[in-house]
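Numbers restart at 1 for each chain; the letters A, B, ... are given by sequence-line order, proteins then strands.
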Amino acid sequence: MSDGQQKKTFVITRFDPDRDDAPRKQAYEIPVHPDWKVLDALNFIKDEIDATLSHRWSCRMAVCGSCGMMVDGEPRLTCKEALDQYGDTVDVAPLANFPVVRDLVIEADGFMEKLTSVKPWIIRAKELAVEEGPMRQSPGELEEFKQFSMCINCMLCYSACPVVANEPEFIGPAAIALGHRYSLDSRDEGAAERNEVFRGEGTVFSCSFANECSEVCPKHVDPAAAVNQAKLNAAIDWATSLVLSRGGSK
Amino acid sequence: MSRNAHPHAMAPSKPGRTRTAPPQLPDRFPFGGRYLAYTLFDLTGILYLLLGLLVLCAVWSLGSGEASWNAVLERHRNIFYLGFHAIALAGLIFVGIRFFGFFPKAQPPRVGPLKPPPKGAILVGLYALWIGVTVCLSIVLAGGVFQ
Amino acid sequence: MIEVTRHDIVIVGGGAAGLRAAIAACEIDSNASIALVSKVYPMRSHTVSAEGGAAAVARDDDNFEMHGYDTVKGSDFLGDQDVIKYFVEQAPRELTLLEHWGCPWSRNEDGTVATRAFGGMSTKRTWYATDKVGFHMLHALFQHSLRFDNIVRYDEHFATKLLVDGGVVRGVAALDIRSGIVRVVLGRAVIMATGGAGKIFPFTTNGNIKTGDGMALAYRAGVALKDMEFIQYHPTGLPGTGILITEATRGEGGYVINSEGERFLATRDYGVGTKAELGPRDMISRAIIQEIEAGRGISGPYGEYVHLDLRHLGEQKIVARLPMVREISKIYIGVDPVHEPIPIRPVVHYMMGGIDTDITAGTSLPGLYAAGECASASLNGSNRLGSNSLTECLVFGASAGQNAMAFARGSSEGSEQALRREGEEEAARIVALRGKQKGGEKLARIRADLHKAMESGCGVYRSAETMNETARTVAQLKGRYADVALEDSSAVFNTELVAALEMGNMLDVAEAVANSAASRDESRGAHTRRDMPNRDDQNFLYHTLCHFDPAGPRLGKKEVTLGHWEPEERKY
């Protein structure tokens with residue numbers, strides 16, 4: 001580190017449940033490299049200044065989804081955001097709308113439950129035997145759901161969503177997008193089952209189309225599109241089931 | 001400093017294995033940055049409520065004789081009424097543009113065998129419809145059809 | 001304080017191999033209790049970073065014999081041929097299962113699964129989902145696993161010790177990172193699926209979690225680590241960060257060029273013949289180093305590099321087939337491959353070696369199985385072919401799951417008292433390490449010195465002198481590690497404690513790598529010595545075994561299974 005090097009101050013939210021009643025802020029002034037991402041600065045602080053700082057990270061190539069945090073108030077993958085776009089003081093906080101376990105680490109188990117609830121797997125009336133070989137799927141059919149399969153579960157969308165902030169039952173953008181992804185997959189036969197989930201409490205119809213999830217998605221999944229497409233599908237499914245069940249009962 | 005979100009936002013169904021700090025709202029919510037547009041969008045609901053009340057009043061006056069109806073029309077020349085209508089018009093245009101912007105992507109790639117038209121076509125159709133309805137209504141209201 | 005839980009089998013690692021093992025176990029018995037212990041949420045596992053594809057015979061112009069021959073030749077004839085035959089035969093079945101489970105494989109116009117060319121493969125047999133294959137495979141596996149409620153996940157639990165009673169593995173001790181409690185997770189069989197150990201090197205494609213934990217646990221429990229000297233350098237990593245640029249770039253027709261704009265792999269003799277850019281990774285990595293040493297590299301802030309040129313592929317193809325390469329290049333090196341060549345240099349990517357396993361994924365320790373990169377069934381020998389490893393995770397993950405279940409059925413539970421005591425000892429060790437103030441060493445310094453030592457002794461080119469020096473340094477570092485001082489005494493999410501435990505694992509793995517390397521007096525596959533440039537089948541056609549000993553590692557040998565393909569000179 002040479003003397004003329006640029007410095008930045010990182011104001012980081014700290015919280016140790018063993019010692020702190022509530023989260024507090026701690027500032028670190030460090031020399032920064034022009035090529036650094038925000039994550040590099042956090043790792044520098046952890047290695048060189050304060051080993052008690054806790055944060056999650058792994059792949060540092062924006063695909064594992066571990067390192068989401070609020071950077072200057074916006075949910076970001078810290079391994080993806082270049083430092084040079086920020087000012088001399090950078091505020092780093094844990095993802096909004098999540099309980100905080102420690103420092104920059106949030107409680108992710110709630111998300112895992114929501115993800116499971118949408119049945120994000122291929123559902124078929126009759127399971128295929130492996131001997132039958134791969135199913136056919138045209139590039140066009142693949143295109144119909146491909147975008148929604150790009151979700152890395154980084155949960156940034158949950159941090160941006162005003163409905164998530166106020167309605168704990170809301171399954172939320174990423175989980176709905178993944179459920180919808182499977183319903184759109186030509187190999188899947190479980191759309192009706194998932195639509196039943198989507199018609200329940202705190203699901204697609206809770207969404208008020210703020211579109212914030214899509215604004216902050218680092219992988220351009222556009223969860224808002226998925227959620228609102230799922231609304232239409234769930235409604236159509238509900239209407240047809242109404243008509244069919246009436247017809248059947250006569 | 002940020003404010004608390006719902007205390008159970010994104011909490012698991014069973015309490016976590018350690019004590020947690022409560023979830024925080026995003027700093028900019030509800031009036032900062034992009035949230036402003038969303039909040040304004042939702043706030044236009046108040047305009048619809050007021051407009052609805054005004055329409056009800058007008059309909060009520062129709063049943064109370066011509067003098068009452070004329071009084072309503074007279075009141076509409078009031079500067080506050082005009083101002084309110086200008087705001088309502090701006091709100092409606094804002095909501096229309098925002099809603100139309102989102103509408104195409106909210107169409108599933110397929111409903112049964114049916115595929116939606118291309119996104120651009122949906123957008124053009126929506127605006128054409130809007131402008132068409134507005135023009136028709138204007139002609140009717142200006143007395144162009146019923147003299 | 002410890003907590004004891006009981007399951008039928010315990011799987012450590014939630015990447016492709018671990019998840020596939022868990023699903024295989026569920027398929028056998030949907031009532032069996034399967035513990036899945038992972039130090040990260042499974043979808044964060046490093047499988048997620050794999051890019052280019054997974055190999056399996058799919059086309060009419062391909063067959064098992066060809067896939068097998070390519071693999072054994074790629075391994076420089078150190079791969080076990082029975083394992084290779086088993087692997088190539090199971091591969092299509094496994095990738096088909098992934099297809100049935102929703103993996104969005106890229107498609108041909110007729111709806112069949114598309115395949116692409118890959119280095120060292122004689123035809124297009126690499127299945128792909130654009131260039132995010134690991135990501136899609138991992139998420140498809142993880143999401144498919146969510147339907148089985150008999151998989152009991154221990155997310156963010158860091159396994160630190162294998163629990164052995166009566167000569168049989170009975171479970172693991174795992175630190176619950178969230179709470180700081182140590183859990184004794186018991187099962188009648190244990191599967192290790194913890195991946196590689198790229199983080200013992202400074203410049204690697206591997207994520208922060210790749211610290212060789214499973215290898216170290218098995219090693220300390222008395223299982224040999226096999227062929228640890230063979231470290232694969234991927235030819236195309238970004239300078240500085242080491243982020244992977246997939247081999248699919250070359251599979252799709254990309255060129256590697258030097259500072260003079262020359263496609264040196266096609267114009268000069270680097271042993272890859274007419275394959276040029278589609279040669280195997282070890283040869284291309286050596287060629288790039290030689291170009292740089294000959295002064296035909298390009299200098300940059302992070303050392304010398306060469307160029308990977310995709311411009312002639314055109315924007316359309318790059319967007320359709322290699323979207324992640326474009327995204328990564330733009331974000332991490334500021335280059336749009338549509339318009340500019342990508343700076344690249346060889347980077348540590350994969351370990352051919354690992355826990356010594358056989359064709360059943362079993363080890364010498366009864367009840368212990370291993371699959372994926374942490375295992376060495378000797379599919380890859382001394383050099384792995386690109387796109388064989390993702391399939392390997394599935395093939396051997398599945399057999400580990402099946403065979404562990406079979407073993408568990410015939411095995412007893414062991415003495416809970418003894419296992420509890422072992423767990424308590426492990427908990428005491430971890431608590432003593434947490435926030436340990438006494439000591440004069442800093443974790444970051446030890447890591448930096450380990451990195452320096454491994455890079456100098458176990459790089460692309462090696463020599464007796466540098467390897468021995470590295471082995472000595474690693475031994476010293478183990479001493480310094482005993483004197484490490486830590487700052488964080490909190491029980492909750494103590495990442496410094498996790499890093500310290502990982503460092504212990506990395507040092508053990510590094511010890512095995514350096515000592516195994518120093519013992520192989522020949523050049524074979526990824527182990528290339530300047531002082532011994534030739535392959536020596538007479539004396540070195542065997543697997544290196546490295547056994548743990550507190551006094552220093554003991555080396556042994558294991559025969560290579562031949563019989564189908566005769567070793568021959570490896571020329572393309």
- Query: Should the heavy atoms of other residues, nucleotides or ligands under 6.0 Å from CG of N78(B) be counted, would the total exceed 12?
  - Reply: yes

- Query: Counting heavy-atom pairs under 4.5 Å to chain A, which of P7(B), A106(B), P30(B) comes out on top?
  - Reply: A106(B)

- Message: Would you compute the distance between atom CE of M10(B) and atom CZ of F170(A) and round it to the nearest 0.5 angstrom?
- Response: 10.0 Å

- Among A11(B), P22(B), G32(B), which has the most heavy-atom pairs under 4.5 Å with chain A? A11(B)

- Looking at I236(A), N97(A), V164(A), D109(A), which has the largest count of heavy-atom pairs under 4.5 Å with chain B? N97(A)

- Item | Contacting moiety of A165(A), where chain B heavy atoms sit under 4.5 Å | both

- Query: For chain B, which of A108(A), P75(A), A160(A) has the most heavy-atom pairs under 4.5 Å?
  - Reply: A160(A)

- Query: Do F41(B) and S208(A) touch side chain to side chain, with heavy atoms closer than 4.5 Å?
  - Reply: no

- Message: If I measure from the heavy atoms of chain A, does T18(B) come under 4.5 Å with its side chain, its backbone, both, or neither?
- Response: side chain

- Item | Criterion side chain to side chain contact (heavy atoms under 4.5 Å, CB included) on E169(A) and H8(B), from CA distance to verdict | CA-CA 9 Å; E169(A) 298 79 26; H8(B) 298 130; over 6 Å; no

- Query: For the candidates L184(A), N211(A), D91(A), N166(A), which exhibits the highest count of non-hydrogen atom pairs separated by less than 4.5 Å from chain B?
  - Reply: N211(A)

Report all side-chain donor-acceptor pairs from residues 98-106 of chain A shorter than 3.5 Å, counting only partners two or more places apart or in another chain.
from    : atom 1 : to      : atom 2 : distance (Å)
R102(A) : NH1    : D488(C) : OD2    : 3.1
R102(A) : NH1    : V492(C) : O      : 2.8
R102(A) : NH1    : F493(C) : O      : 3.4
R102(A) : NH2    : T52(A)  : O      : 3.0
R102(A) : NH2    : D488(C) : OD1    : 3.3
R102(A) : NH2    : D488(C) : OD2    : 2.8
D103(A) : OD1    : R14(A)  : NE     : 3.1
D103(A) : OD1    : F15(A)  : N      : 2.9
D103(A) : OD2    : R14(A)  : NE     : 3.3
D103(A) : OD2    : R14(A)  : NH2    : 3.2
D103(A) : OD2    : S54(A)  : N      : 2.9

- Item | Separation of Q24(B) CD from S159(A) OG (nearest 0.5 Å) | 11.0 Å

- Message: Treating Q229(A) as the side-chain partner and K105(B) as the backbone partner, does any N or O pair qualify as donor plus acceptor under 3.5 Å?
- Response: yes

- Message: Check this for me: does any side-chain nitrogen of one of K115(B) and E144(A) sit under 4.0 Å from a carboxylate oxygen of the other?
- Response: yes

- Query: By a 4.5 Å heavy-atom criterion (distance strictly below it), what part of R28(B) contacts chain A: side chain, backbone, both, or neither?
  - Reply: side chain

- Message: Can you tell me which of A5(B), P109(B), P108(B), S13(B) forms the most heavy-atom pairs within a distance under 4.5 Å of chain A?
- Response: P108(B)

- Might you confirm whether atom CD of Q85(A) has over 12 heavy atoms from other residues, nucleotides or ligands at distances under 6.0 Å? yes

- Item | Contact leader toward chain B among A226(A), P94(A), G110(A), where contacts are heavy-atom pairs under 4.5 Å | G110(A)

- Whether over 12 other heavy atoms sit under 6.0 Å from Q26(A) CD: yes

- Query: So does E74(A) pair up with R34(B), basic N to acidic O under 4.0 Å?
  - Reply: yes

- Message: Looking only at heavy atoms and a cut-off of under 4.5 Å, which of K231(A), M155(A), E113(A) has the most pairs with chain B?
- Response: E113(A)

- Message: Using a 6.0 Å cut-off, check whether atom CG of L73(B) has over 12 heavy atoms from anything other than its own residue.
- Response: yes

- Message: Just so I understand: if I count every heavy-atom pair under 4.5 Å between each of A210(A), A93(A), G73(A), S214(A) and chain B, which residue has the most?
- Response: A210(A)

- Under 4.5 Å from any heavy atom of chain B - which part of D20(A): backbone

- Among G16(B), A37(B), P26(B), which residue forms the greatest number of heavy-atom pairs with chain A at distances under 4.5 Å? P26(B)

- Message: I need the minimum non-hydrogen distance between L232(A) and Q107(B), along with the two atoms involved.
- Response: CD2-OE1, 3.8 Å

- Note on the structure: Rounded to the nearest 0.5 Å, the CZ atom of F99(B) sits from the CZ atom of F209(A) at a distance of 8.0 Å

- Query: With a 4.5 Å heavy-atom cut-off, do Y35(B) and E212(A) have their side chains touching?
  - Reply: yes

- Query: Checking heavy atoms, do the side chain of F29(B), its backbone, both or neither come under 4.5 Å from chain A?
  - Reply: side chain

- Message: Restricting to ring-ring contact (aromatic ring centres under 6.0 Å, His included), what partner residues turn up for Y28(A), sequence neighbours left out?
- Response: none

